[in-house]
Amino acid sequence: MADNIPSAKETVQTKEENQSDESERTEERKLWPAVTRYGPSTIRDLTPGKKMKWCTCGLTQTSPWCDGSHKKTGFHSLKWHVPEKPQSLYQICNCRYTKSPPFCDGTHTNLPLIVEERQRNCPKKTSHPECEKLCNQCGWVPDF
């Protein structure tokens, strides 16, 4: 029975491998959105079949829905149809990093430190003061 329990070394290696896999996946992304909030919006009673536009940039004033603030940032809204099977609550992502948009998948849980590090190490950090809307290389927003 004790043979099935991983050693501390195996556990650490597995954790490091998972972090490496995660960093490889996140580096594939070319545009980094601003984080509106580290948690979902609970939306009630959406009309089944209705077309919605989910904000992917994080600049919207009508979160989680797009208001067009993404213009000239390289981002586009995600067009989404409310599922035909009605439900009373939807957990819609506000961090913009979900792997199942527009639904929250809990990615926001470990995101704050990752976002802070990306912004600290941004290749365009010196030009942040001239940035009018969003640095899409790290998600930094002036006066956010």
Side-chain angles (χ1 to χ4, degrees), residues 4-6 8-144:
N4 294 334
I5 300 171
K9 184 178 180 182
E10 290 170 331
T11 303
V12 169
Q13 285 175 336
T14 302
K15 185 176 179 184
E16 288 171 355
E17 288 168 7
N18 288 343
Q19 287 174 344
S20 174
D21 291 345
E22 180 64 28
S23 66
E24 287 173 16
R25 278 194 301 268
T26 57
E27 291 309 313
E28 292 173 9
R29 183 186 285 261
K30 293 188 171 125
L31 299 175
W32 298 96
V35 177
T36 305
R37 185 175 68 190
Y38 292 102
S41 284
T42 301
I43 308 292
R44 295 184 177 278
D45 302 320
L46 293 174
T47 305
K50 182 177 181 182
K51 186 169 99 174
M52 307 293 289
K53 290 183 178 182
W54 179 65
C55 171
T56 61
C57 72
L59 296 175
T60 185
Q61 298 297 306
T62 58
S63 193
W65 311 121
C66 179
D67 66 2
S69 295
H70 61 268
K71 288 179 175 65
K72 297 185 181 182
T73 65
F75 285 91
H76 302 281
S77 63
L78 175 91
K79 291 166 186 70
W80 171 70
H81 285 88
V82 178
E84 290 296 331
K85 184 179 178 186
Q87 60 187 70
S88 58
L89 294 174
Y90 296 85
Q91 295 288 305
I92 306 296
C93 176
N94 270 320
C95 76
R96 312 299 187 259
Y97 288 80
T98 181
K99 292 167 191 67
S100 56
F103 302 105
C104 176
D105 66 0
T107 298
H108 62 269
T109 306
N110 297 316
L111 198 56
L113 294 176
I114 294 167
V115 170
E116 286 178 13
E117 181 179 345
R118 185 177 308 112
Q119 290 176 355
R120 226 183 358 263
N121 298 320
C122 179
K124 291 187 172 182
K125 186 174 183 177
T126 57
S127 63
H128 281 174
E130 292 89 44
C131 184
E132 293 180 24
K133 278 189 169 186
L134 166 71
C135 174
N136 60 22
Q137 296 295 301
C138 70
W140 181 85
V141 177
D143 302 322
F144 202 55

Q) Does Trp65 offer a backbone N or O that forms a donor-acceptor pair with the side chain of Thr62 under 3.5 Å? A) yes
Q. Between the main-chain N or O of Ser69 and the side-chain N or O of Lys133, is there a donor-acceptor pair closer than 3.5 Å?
A. yes
**Q.** Arg96 versus Thr60, side-chain donor and acceptor atoms under 3.5 Å
**A.** no
Q | Within-4.5 Å side-chain heavy-atom neighbours: Val35 and Cys95 | A | yes
Q | Side-chain touch Thr36/Ser41, heavy atoms, less than 4.5 angstrom | A | no
Q. Are any non-hydrogen side-chain atoms of Val115 and Tyr38 less than 4.5 angstrom apart?
A. yes
Q: Verify the neighbour count for atom CD of Glu132: are there more than 12 heavy atoms of other residues, nucleotides or ligands below 6.0 Å?
A: no
Q) So how far is it from Asn136 CG to Lys30 NZ, rounded to the nearest 0.5 Å? A) 12.0 Å
Q.
Any side-chain to backbone donor/acceptor pair from Lys99 onto Thr107? Under 3.5 Å, distance only.
A. no
Q.
I'd like to know if the side chain of Arg37 and the backbone of Pro40 have a donor-acceptor N/O pair within less than 3.5 Å.
A. yes
Q. Any idea which heavy atoms bring Trp54 and Pro64 closest together, and the distance?
A. CD1-O, 3.3 Å
Show me the donor-acceptor pairs, under 3.5 Å and distance only, between side chains in residues 72-93 and residues at least two apart or in other chains.
| unit_1 | atom_1 | unit_2 | atom_2 | d |
| --- | --- | --- | --- | --- |
| Thr73 | OG1 | His70 | O | 2.4 |
| Thr73 | OG1 | Phe75 | N | 3.3 |
| Gln87 | NE2 | Leu89 | O | 2.6 |
| Gln91 | NE2 | Thr42 | OG1 | 2.8 |

**Q.** Qualifying residues under side chain to side chain contact (heavy atoms under 4.5 Å, CB included), relative to His128, sequence neighbours excluded
**A.** Cys122, Lys125, Cys135, Cys138, Trp140
**Q.** Distance-minimising heavy-atom pair for Leu134 and Pro33
**A.** CD1-C, 4.5 Å
